[in-house]
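To keep things clear, I will list the structure first and then write my remarks on it.
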Amino acid sequence: MRIYADPSFLVSWLYSADKQNRRARAWFTAHQTADWILSDWSRFETLNSLRSLCLQTNGPKPEQIEALRRYFNHLTYHGPFDYERVDWQEVMRDCNQVSTAFAGRLKARAGDTLHVAILEQVNPDLFVSGDQDQIALAQARGFQAVSFI
């Protein structure tokens, strides 16, 4: 099984102080033998979201997030995460198609639309997220999408 995880899952899984960390860890454990797929966008959005946590009251120190970044990189070099390359021009064309088809009736934030467009190319068996709007958009596009929460 090939699983594409969105950053809401990845942040919760990586950051132990996240309120959904236990659920993300349990979900991952139940699917640890799967082939986990990342895109450049999911990696960037995950790391950017982790860095943003430093701005919260009592949030992590930048050094802690840097340690998580290094750990995340380790996981992409040694598993369980693998990068899947995409054609970015095609992704943008797919973004426009997804927006045209669904943004008038479903919440379709730009980042969510980008993930769904990436799904078109990486074609996972399952998309996991903690974002119900993103799950609905992926399902409307015909992908199997589930919440880890």
Side-chain angles (χ1 to χ4, degrees), residues 1-54 60 64-103 105-149:
M1 174 181 291
R2 291 169 32 96
I3 300 174
Y4 181 82
D6 100 309
S8 66
F9 174 85
L10 295 168
V11 168
S12 293
W13 185 76
L14 286 165
Y15 183 55
S16 62
D18 187 275
K19 66 182 180 178
Q20 301 300 340
N21 178 263
R22 294 176 103 195
R23 288 184 182 191
R25 292 233 168 230
W27 204 94
F28 179 85
T29 299
H31 300 86
Q32 63 187 332
T33 60
D35 294 324
W36 289 81
I37 306 165
L38 296 176
S39 67
D40 288 329
W41 176 247
S42 62
R43 181 181 181 278
F44 168 76
E45 190 178 6
T46 297
L47 294 173
N48 195 61
S49 296
L50 286 167
R51 289 179 183 120
S52 295
L53 295 172
C54 297
Q64 293 171 288
I65 298 306
E66 175 58 16
L68 286 177
R69 183 196 65 78
R70 282 190 228 140
Y71 177 62
F72 194 40
N73 280 348
H74 173 82
L75 297 174
T76 59
Y77 289 116
H78 302 288
F81 299 107
D82 288 316
Y83 276 113
E84 196 71 32
R85 290 203 165 126
V86 297
D87 177 331
W88 285 101
Q89 287 185 329
E90 190 174 326
V91 166
M92 294 312 298
R93 280 191 296 272
D94 287 340
C95 280
N96 283 300
Q97 289 177 356
V98 171
S99 177
T100 299
F102 302 108
R105 56 190 165 101
L106 292 172
K107 198 170 199 176
R109 291 177 299 262
D112 295 348
T113 302
L114 191 56
H115 282 296
V116 172
I118 289 168
L119 293 176
E120 298 283 344
Q121 288 186 45
V122 301
N123 198 25
D125 298 307
L126 188 63
F127 174 59
V128 61
S129 176
D131 181 335
Q132 291 300 323
D133 295 329
Q134 190 176 47
I135 290 168
L137 187 61
Q139 289 173 337
R141 192 64 171 178
F143 292 98
Q144 172 134 6
V146 298
S147 176
F148 70 95
I149 301 172

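All values below were derived from every heavy atom in this structure, side-chain atoms included, with hydrogens, water molecules and symmetry-related copies excluded. When a residue number appears, it is its place in the shown sequence, counting from 1.
Side-chain contact between Gln144 and Asp125 is absent, with no heavy atoms from C-beta onward closer than 4.5 Å. By the 4.5 Å heavy-atom criterion applied to side chains, Thr46 and Leu14 are counted as neighbours. Asp18 is not listed as a side-chain neighbour of Trp13, based on a closest heavy-atom distance of 4.5 Å or more. Looking only at side-chain heavy atoms (C-beta outward), His115 and Pro7 come within less than 4.5 Å of each other. Side-chain contact between Val146 and Leu126 is present, with heavy atoms from C-beta onward closer than 4.5 Å. You'll find the side chain of Trp88 reaches within 4.5 Å of the side chain of Val86, heavy atoms only. By the 4.5 Å heavy-atom criterion applied to side chains, Arg93 and Glu90 are counted as neighbours. Contact of the Gln121 side chain with the Glu84 side chain is not registered, since no non-hydrogen atoms from C-beta on lie closer than 4.5 Å.
The CG atom of Leu53 sits 10.0 Å away from atom CG of Asn48, with the distance rounded to the nearest 0.5 Å. Taking CD1 of Ile135 as the start and CD of Gln132 as the end, the distance is 4.5 Å to the nearest 0.5 Å. For the atom pair CD1 of Ile37 and OH of Tyr4, the computed distance is 9.0 Å after rounding to the nearest 0.5 Å. Atoms OG and CZ, on Ser12 and Phe148 in that order, are 3.5 Å from each other to the nearest 0.5 Å.
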(message) side-chain contact (heavy atoms from CB on, under 4.5 Å) for Met1 and Asp35? Distances and angles first, verdict last.
(response) CA-CA 6 Å; Met1 174 181 291; Asp35 294 324; over 6 Å; no

(request) Could you go through the side-chain contact (heavy atoms from CB on, under 4.5 Å) check for His31 and Ile3 one step at a time? (result) CA-CA 9 Å; His31 300 86; Ile3 300 174; 3.9 Å; yes

(request) Just do the side-chain contact (heavy atoms from CB on, under 4.5 Å) check on Phe72 and Leu10 with the steps written out, would you? (result) CA-CA 9 Å; Phe72 194 40; Leu10 295 168; 4.2 Å; yes

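Of the possible donor and acceptor atoms, one in the side chain of Arg2 sits under 3.5 Å from a partner among the backbone N and O of Val122. Formation of a donor-acceptor pair under 3.5 Å by the Asn123 side chain with backbone atoms of Leu119 is not found in this model.
Summarising the local packing, CZ of Arg25 is surrounded by more than 12 heavy atoms from other residues, nucleotides or ligands at distances under 6.0 Å. Within 6.0 Å of CZ on Arg22 lie no more than 12 heavy atoms contributed by other residues, nucleotides or ligands.
In this pair, Trp36 and Phe81 present their aromatic rings perpendicular. The plane angle is above 60°, beyond the 30 to 60° band.
Salt bridge present: Arg141 and Glu120 bring a charged side-chain N and a carboxylate O closer than 4.0 Å. A salt bridge does not link Lys107 to Asp112: none of the charged side-chain nitrogens sits closer than 4.0 Å to a carboxylate oxygen.
Contact between Ala117 and Asp94 at its shortest, heavy atoms only, is CB-CB, 3.7 Å. Here the closest non-hydrogen pair linking Gln134 and Gly111 is NE2-O, 4.4 Å. Closest heavy-atom contact between Ala140 and Leu106: CB-CD1, 3.6 Å.
For Ser8 and Asp6, the side-chain atoms include at least one donor-acceptor pair closer than 3.5 Å. Defined by atom type and a distance below 3.5 Å, a donor-acceptor pair is missing between the side-chain atoms of Ser49 and Tyr15.
Residues Phe143 and Phe127 place their aromatic rings such that the two centres sit no closer than 6.0 Å.
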